[in-house]
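Report on one structure; see the data block that follows.
Letters go in sequence order (proteins before strands), and every chain restarts at 1. What you see below is based on every heavy atom in this structure, not just the backbone, and it leaves out hydrogens, waters and symmetry mates.
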There are 2 protein chains.
Amino acid sequence: MDRRQDIHNSDIPIPCRACEARHGGICGALTAEELLELSKHTIKHALKPEQEVSTSRSSSQRYSNILKGVVKLSKATSDGRLQIVGLQFAPDFLGRPFGEQDELSAEAVTEVGVCTFPKSVLNQLMDKSPGLERRLYKQSLRELEEARSWMLTLGRKNAQEKVVSFLCLLATHADPELQDDSNKAAFEIPLKRSDIADFLGLTIETVSRQITKLRHAGLITLTDNRFVEIPDLAKLQDLAESGT
Amino acid sequence: MDRRQDIHNSDIPIPCRACEARHGGICGALTAEELLELSKHTIKHALKPEQEVSTSRSSSQRYSNILKGVVKLSKATSDGRLQIVGLQFAPDFLGRPFGEQDELSAEAVTEVGVCTFPKSVLNQLMDKSPGLERRLYKQSLRELEEARSWMLTLGRKNAQEKVVSFLCLLATHADPELQDDSNKAAFEIPLKRSDIADFLGLTIETVSRQITKLRHAGLITLTDNRFVEIPDLAKLQDLAESGT
DNA sequence: CGTCCTATTGAAATTCTTCAACACTCGTGG
DNA sequence: CCACGAGTGTTGAAGAATTTCAATAGGACG
């Protein structure tokens, strides 16, 4: 049972009652009172794929919580080459406390639901609630570790291993439609090929070829280019570090 | 003048008085009292190049502050390929609050001085001092941004641009022996070629060739393979994103 | 039915790595 | 004092991996 049952449900702001992210996200660190304060300023948005999330430098100075879907964070060189530097899932917090982000864009990969609120409101809440700051800090540490793991993938793995690493990442991260006990996994890849390429530092063609190879090797099964089945996840995970 | 002059110097613990990192590092967030508490448990170490810093999983469960020198954080694949995922300079904090780091090694690149202390002490101080946690949080956000910028370099830049990006990173980050007004820079590269390669996701040979090219193009001058002079930093910075 | 978008596949071109040889510096010890 | 070896860095040539360019196929939608 949830430990927060001592808070009466009637204390929870109406827009938050059915919220998918209320426990997992940063909201889980807030008291009913704080939640109410925050909820006065929140707006929920639905985003289509490719649509930019209003973050940092963009339009309104607002932070977001992801309620649903996948958001990609990416950076670009001045001549337009793109690198995805992070994938965020519900119930992740989105935004950069304390000053500006340099050149980071955040856009929806799938259909996305976000709950946004002004930076100023969170900043004030953060000063009052140590639990909130702690939770944000922990998320940034987690993201830092993910980024560093991915640096190993980008810098030192070959195309085969990169694609496999990507599939393994999804197999653990994405909604596990089949993740019971075993060694199997099945899920939908939320990204299209060009996004995968931008995440792996490869070209679309190379990604496509590697996926074909894995298919022929019987390591994965594909239906409609998005839905993957992995019969032996352990074998795939081995390939992620010593492939070819 | 320093705002902390209201703290009498006699309040500052003796080992901290002459500390190079006392203002810049996390210690700058502490009151005299907190600093005293911390200093009771600190040990200063001098490390030779290649020597591992006692962090996370390693030997003692201690955090560190870098007082001097450069530390590399790296990850490795199971078959031994290496990727440097971060460079830390004084007065950076070193360690992973809240649980273990997965497979991250930290070792001295140059001669390094660190000030270490038990995790438990910092954890307790962090609960008491919001300013301390704030400062740690900010450092992790900074590191996250650096990691993500570097992901763009690793994933989307060619060898030339990678080496140039590395030099530009040092030109701004490392001790600027010549960074007055202008467009020039001169500094010592603290890493050897194999470290540079591991940082850039390249081989030693490719790094060497690219440096030679830059030398022949008159974009840099080298003396003794470590000391670099950059006559036109702006031109170099342009190359970092659209080289060849 | 045509068009746009996405994905696949092939062949040629390019970049980077691998393998191999060599040069330089520095400390040690005969 | 010089020879030796280890550690570090450079350079060349051949090889491999990935990219680039180009053509094709399928699905969604108006």
Side-chain angles (χ1 to χ4, degrees), chain A residues 48-50 77 79-83 109-111 153-167 188-217 220-228 239 242-244, chain B residues 48-51 77 79-83 109-110 153-167 188-217 220-228 239 242-244:
Chain A
K48 296 269 170 227
E50 314 287 281
T77 60
D79 62 345
R81 284 167 286 173
L82 231 67
Q83 175 66 50
V109 166
T110 60
E111 302 267 322
T153 300
L154 289 174
R156 287 305 189 194
K157 295 188 186 174
N158 63 29
Q160 168 97 292
E161 295 167 320
K162 282 182 177 180
V163 170
V164 170
S165 297
F166 171 69
L167 292 174
E188 186 177 344
I189 302 176
L191 315 194
K192 55 185 178 188
R193 294 291 183 273
S194 66
D195 284 329
I196 302 176
D198 287 338
F199 192 36
L200 295 172
L202 297 172
T203 59
I204 303 176
E205 294 93 328
T206 302
V207 171
S208 181
R209 279 185 252 269
Q210 295 301 333
I211 290 180
T212 302
K213 254 197 207 168
L214 292 172
R215 220 159 18 85
H216 290 159
I220 63 173
T221 314
L222 272 199
T223 32
D224 89 328
N225 290 331
R226 286 288 186 125
F227 196 81
V228 195
L239 267 186
S242 55
T244 304
Chain B
K48 295 270 168 224
E50 314 288 281
Q51 209 176 337
T77 60
D79 62 344
R81 283 168 285 172
L82 231 68
Q83 176 66 49
V109 167
T110 60
T153 299
L154 289 175
R156 288 304 189 195
K157 295 188 187 173
N158 62 28
Q160 168 97 293
E161 295 168 321
K162 283 182 177 181
V163 170
V164 170
S165 298
F166 171 70
L167 292 174
E188 188 177 346
I189 302 176
L191 315 195
K192 54 186 177 188
R193 295 291 184 272
S194 66
D195 285 329
I196 301 176
D198 287 339
F199 192 36
L200 295 172
L202 297 172
T203 59
I204 303 176
E205 294 93 328
T206 301
V207 171
S208 180
R209 280 185 252 269
Q210 296 302 332
I211 289 179
T212 301
K213 255 197 207 167
L214 291 172
R215 217 158 24 86
H216 289 159
I220 63 174
T221 314
L222 270 200
T223 31
D224 89 332
N225 291 331
R226 286 287 186 129
F227 196 81
V228 194
L239 266 187
S242 55
T244 304

Nearest whole Å is fine: how far is [N] [atom2] from [X] [atom1]?
X        : N      : atom1 : atom2 : answer
A:Ile204 : C:dA7  : CD1   : C1'   : 9 Å
B:Ile189 : D:dT8  : CD1   : C1'   : 14 Å
A:Glu205 : C:dT14 : CD    : C1'   : 14 Å
B:Arg226 : D:dG7  : CZ    : C1'   : 12 Å
B:Lys157 : D:dT19 : NZ    : P     : 17 Å
A:Asn158 : D:dA16 : CG    : C1'   : 11 Å
A:Asp224 : C:dC5  : CG    : C1'   : 15 Å
B:Lys162 : C:dT17 : NZ    : P     : 7 Å

Scanning both residues in full, the closest heavy-atom pair of A:Pro49 with A:Glu111 reads CD-OE2, 3.8 Å
Please find the pair of heavy atoms, one from B:Gln160 and one from B:Leu214, that lie closest to each other, and give the distance.
OE1-CD2, 3.6 Å
Nearest to the side chain of [X], which nucleotide is it out of [options]?
X        : options                : value
A:Leu222 : C:dT8, C:dT6, D:dT10   : C:dT8
A:Thr203 : D:dT18, C:dT8, D:dT20  : D:dT20
B:Ser208 : C:dC16, D:dT18, D:dT10 : D:dT10

Comparing nearest nucleotides in DNA chain C, the 5'-proximal residue of the pair B:Arg209, A:His216 is A:His216
The answer to which of A:Arg156 and A:Thr206 contacts DNA chain C further toward the 5' end, by nearest nucleotide, is A:Thr206
Quick one: label A:Leu202 by what it contacts on the DNA or RNA (base, sugar-phosphate, nothing), any heavy atom closer than 4.0 Å.
sugar-phosphate
Any donor and acceptor pair, going by atom type alone, linking the side chain of A:Gln83 with main-chain N or O of A:Phe199 inside 3.5 Å?
yes
Okay, side chain of B:Arg156, backbone of A:Leu82: is any donor-acceptor separation there less than 3.5 Å?
yes
Could you check B:Thr212 against B:Glu50 and say which one's nearest nucleotide on DNA chain D is further toward the 5' end?
B:Glu50
Any B:Asn225 side-chain N or O less than 4.0 Å from OP1/OP2 of D:dT8:
no
Is there a donor in the side chain of B:Thr77 and an acceptor in the side chain of A:Lys157, or the other way round, less than 3.5 Å apart?
no
